[in-house]
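A short write-up of the structure that comes next.
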Amino acid sequence: MSAQSMTNPVPVFDAYRVVSGLFDEMFDLERRPRPGCARVVADLLARDPGRLAELRARADGMFLRMGVTFNVYGMEEGSEKIFPFDPIPRVIDAATWAHLEAGLTQRVRALNAFIQDVYGAGEILKDGVVPRDLVLGCPQYLRAAVGLTPPHGTFVTVAGIDLVRGADGRFYVLEDNVRTPSGVSYVIQNRVVMTRLLPDLVRASGVRSVENYPADLLESLCELAPGGKSRPKVALLTPGIYNSAFFEHVFLSHQMGIELVEGHDLVCVDHKVFMKTVHGLEQIDVLYRRIDDDFLDPVVFRSDSILGVAGITAAIRAGNVSVANGFGTGIADDKAIFAYTPAIVRYYLNEEPLLPIVETHVLSDPDVRRMVLRDLDRFVVKPTNASGGYGVIIGPKATYRQLIEAREGIERDPSHFIAQPVVQLSVHPTLLGEGGGADIYAPRHVDLRPFVLLGKRPRVLPGGLTRVALREGSLIVNSSQGGGSKDTWVLER
Amino acid sequence: MLRRIADSLFWAARYLERAEWRARLVSVNHNLLIEGPAPAGNPWSSMLAISGDQELFEQHYEDVDERSVLTFFVLDERNPSSIRSCIDAARANARSLRHRISSELWLELNTLHLDAKQWTVARLGTSEVFDFFSQLQERFYRIAGVMNGTLPRGVGFDFLGLGILLERAENVTRLLDIKYHYLLPRVEDVGGPIDLLQWTAVLRSASALEAYRMKYGNLIRTESVVEMLLFDSTFPRSARYCVDRLETALRRVAQAAPEPAPGAVELASDGLAGLLASRSASEVISSGLHDFLIDVQEECERISSAVFDQYLRFE
C-alpha cells in the first residue's frame, strides 16, 4: 500500500458522504481514514465493486448454517432469525481502546462496590450521595439480597456497558447492563466469520483476539465457588429454547464445557442445588444464570415462574451455591440511579470517572421535570423499568400523539422516567445493498457494548458488540428493533 | 448427563435413523417399480398400508399414486413420519443439546434441516428422484461419520447409540415385513423372477447386497436373506448386530453410575437377545416370519420404555 493511498480520499468512495455534525468512525471531514482505518478502507472499501455484497451473502449463509440466530418475541414459535451482519468492520485503535478499557474497569468496580454497599452497610445512603428513597423504592432493589456476601464480594461477574460516541468524538456511557447482559456470542462468532471471509486482512491488521472470553468467563465463575472449592461444578441456567438469547446460552456453555440447564433440571434439597442426571442428583456449586431475578425462585419472587428453581434463594443465603450475576444487581443499572453513577465512581474509588455518562435528568425533581417538559421534543424519554429499546420515545422523531402520551405518562408517574438529550450517535460506513453491480454503502449510526468480567481481577474483552441501526436516521440499534452488528477490531498497536 | 439431555440425544438419534429408513424404504419401492415387471395391485397402496398412515393420507390426498405417496412420505409436514418431519424433529431435539454435541455434528444436522426446508415436489419426479435419494443417503452417511469421528465415547454417545440401534432393529424387521407380506401376496410367485428381484431390492435397501454375496454367493434365497438381516452378528444393519451393540451400550451406561447395579434395562435387553439367539432363520420362516418380526418389534418397544423409566423419566 503506498503512502498516498493511506492519506488521500479513496476514489471509489465518491458516493459516500461524510455528514457534518456527526462523528464518522472511519473518515474525518476531509474523508481521510481515521487512525487505524486506512488498511480496511484500502483493502475493503476501495476494492472490486460488488465484493462487499458477496461477503455479506457468504456471511449470512455461514450464520444460518451454524445456527447463530436469535428468536424474535411476538412471532410464531421457533422463528429463528440471523442477526443482520455488516461486513465492514469497526476499528478501534490501540490508544483509544486503552482509555476505554481503563474507564470500563473503573466503572464496573464502582458499580460492584455500590451493590455490595447497598445490601451491606449502606454507607453511601447514610452519606446522602444517592437518595435512600430512590434506592429502596427501586423495583430492582431486592430485600432477599440484604446481607449477602458473595465470594470476593463479587456481585457483577459479567457487565455489558453500552457506549455511544458523540459528535465531539468522545465516548459516553449510555447505560449499564449488570443483570444478564447478552451479545457476547455475536462478538465471537462475528470474528469467526470475518476471519474466514478475510483472513489476510484480519492478520495484516493486527486485530486483538476475542476467543479467550469463554475461558476467562469460566475462570471468573469458578472463583465464585463456595468455600473456594477447587473444581466446582458450574452450570448455565437458561429460560429455554424460546428465549431470544438461547443461541448465546448454548454457545457459552459449549465453549466453557459446562452443563446447560433449565429450571426443571434442577432441584433444591437441604439448601443445596442439584441437577437431575441419568444417575441421580449431582450438586451444583456455581450457577451462571441467564434468567432475571424475578423468575429465579418461585418461592421468593414470582410464584408463577416455571423457569426458576424453588428454594434457590435459601441455598444462596446458606452459602451452598453462588449465582452469577448475583442477586439484586439490577439496582446498579437502574435508569434513574444511572444519573448518580459519576458520584458513585468518585465515592468508592476516590477517582474522577474516566468515561462520562450521557447527561441524564431524573424527572422526580419538579424543577428538572418542568425544564424537560417545556422542550420534550428535544429529549429522549426512557421508562426506568424496561430494556431492549422498548418504550423509548425519541423527541425529535416522535409524533405529536406520542409526545402527548409521554407527557401524560411523566406527569402521572415522574419517577418512572428519565430524560436524556438526543445524542448524535456516531456513524460508520455500512453496506446497504447492491446497485448496478456495485456496493452501496452509507453512514449509519452505531454504538458499542464492551463486556467486562469481574473475577478476582477485572478483565475486559477487547472490543465488544458494535450494533448498527440499519434504517437511515434511526438511532435504535437493538436487535429486537431491526439493528444489525459489525465485527469490532481492537488493534494491537 | 442430565435426564433431559439424555432424552433429547436418544430422540434426536431415533428420528434421524427413522428418516434414513424412511428414505431407504421409499426408494426401494420406487426402484422395484422401475426395474421389475408390473406387480399385481397398486404397489403404492401396499406402502401406505404398512406405514400405518393410510388414514392420514386419505385425509389429504385423493389418488394413491407415485407422486402423491412420495410427496406424503418425503415432504409432507402434516405427516409426522415424513422424512422432512423426522429431520425437523431430530434437529429440534439437537437444538436443545447443541452444547453437548460437536459443532461439526450440529452443522451437518442444521444444514440438512435447512436443505429439507427447500425440497419441492419437483425433486421427486421420476427422473430426479433417484438422485434425490442417493444424495440424501450420502448426507446420512456423513452425519454418521461426523458422529463417529467427533464425539467422545461417554454416556451421551451411548444414548445416541441406543436411539439409533433400537430404531434400526425395528426398521429392519419392517423392511422384511414389507417384502414378505405385502409386496408378494401370491404364493405361486414365491421363488419366481419377481420374488428374486424383490429380495435383491430388499438387500440393496439395507445396503446388504454385497455383503450377502460375499457370504452366500450369487444365489438369493429367502432363508439366507432372513439370516443375513436378522441373525448375522457381523453385518451392521442386522437385528442381531444391533442388539449386541445395544447390550454393550446399556452395560456401559449402567457402569457409569456412581453405584452400578444391574438395572431393569439390562434385563429387558436380555429378552430380545434371547429371542434372537434361540431361533434360526429356517425355524422362524416355517413357524411364521411375520409373527416373529412382531415379537422383535415388541421387545424393542419394551427396551425403549425400560430405558425411559430407568434413565429419562423426569420426576
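Keep in mind it's a predicted model, so treat the numbers as computed, not measured.
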A:D270/A:K272 salt bridge by N-O under 4.0 Å criterion: no

Lys NZ or Arg CZ of B:R245 over B:Y241 ring: under 6.0 Å, within 45°: yes

Atom group of A:L64 that falls short of 4.5 Å from chain B, counting heavy atoms: both

Residue part contacting chain B, namely of A:V261, when any heavy atom lies under 4.5 Å: both

A:F246, part contacting chain B, at a heavy-atom distance under 4.5 Å: side chain

Side-chain heavy-atom pair B:D7, B:Y311 within 4.5 angstrom cut-off: no

Greatest number of heavy atom pairs closer than 4.5 Å to chain A - which of B:T111, B:N110, B:L312: B:N110

Option that, when pairs with chain A are counted at under 4.5 Å, heavy atom only, ranks first among B:R100, B:R98, B:E108: B:R98

Sidechain N-carboxylate O distance under 4.0 Å for A:D265, A:K276: no

Electrostatic pair B:E128:B:R123 at N-O distance under 4.0 angstrom: no

Chain B contact via A:E262 - side chain, backbone, both or neither, heavy atoms under 4.5 Å: both

SB check B:R139 B:E20 (cutoff 4.0 Å): no

Proximal component of B:I101, with respect to chain A [non-hydrogen, under 4.5 Å]: backbone

Chain A contact via B:L2 - side chain, backbone, both or neither, heavy atoms under 4.5 Å: both

Leading residue by heavy atom contact count with chain B [cutoff under 4.5 Å; candidates A:M275, A:M66, A:H254]: A:H254

Under 4.5 Å from any heavy atom of chain A - which part of B:V155: side chain

Distance, nearest 0.5 Å, that separates CZ of B:R95 from CD1 of A:I241: 5.0 Å

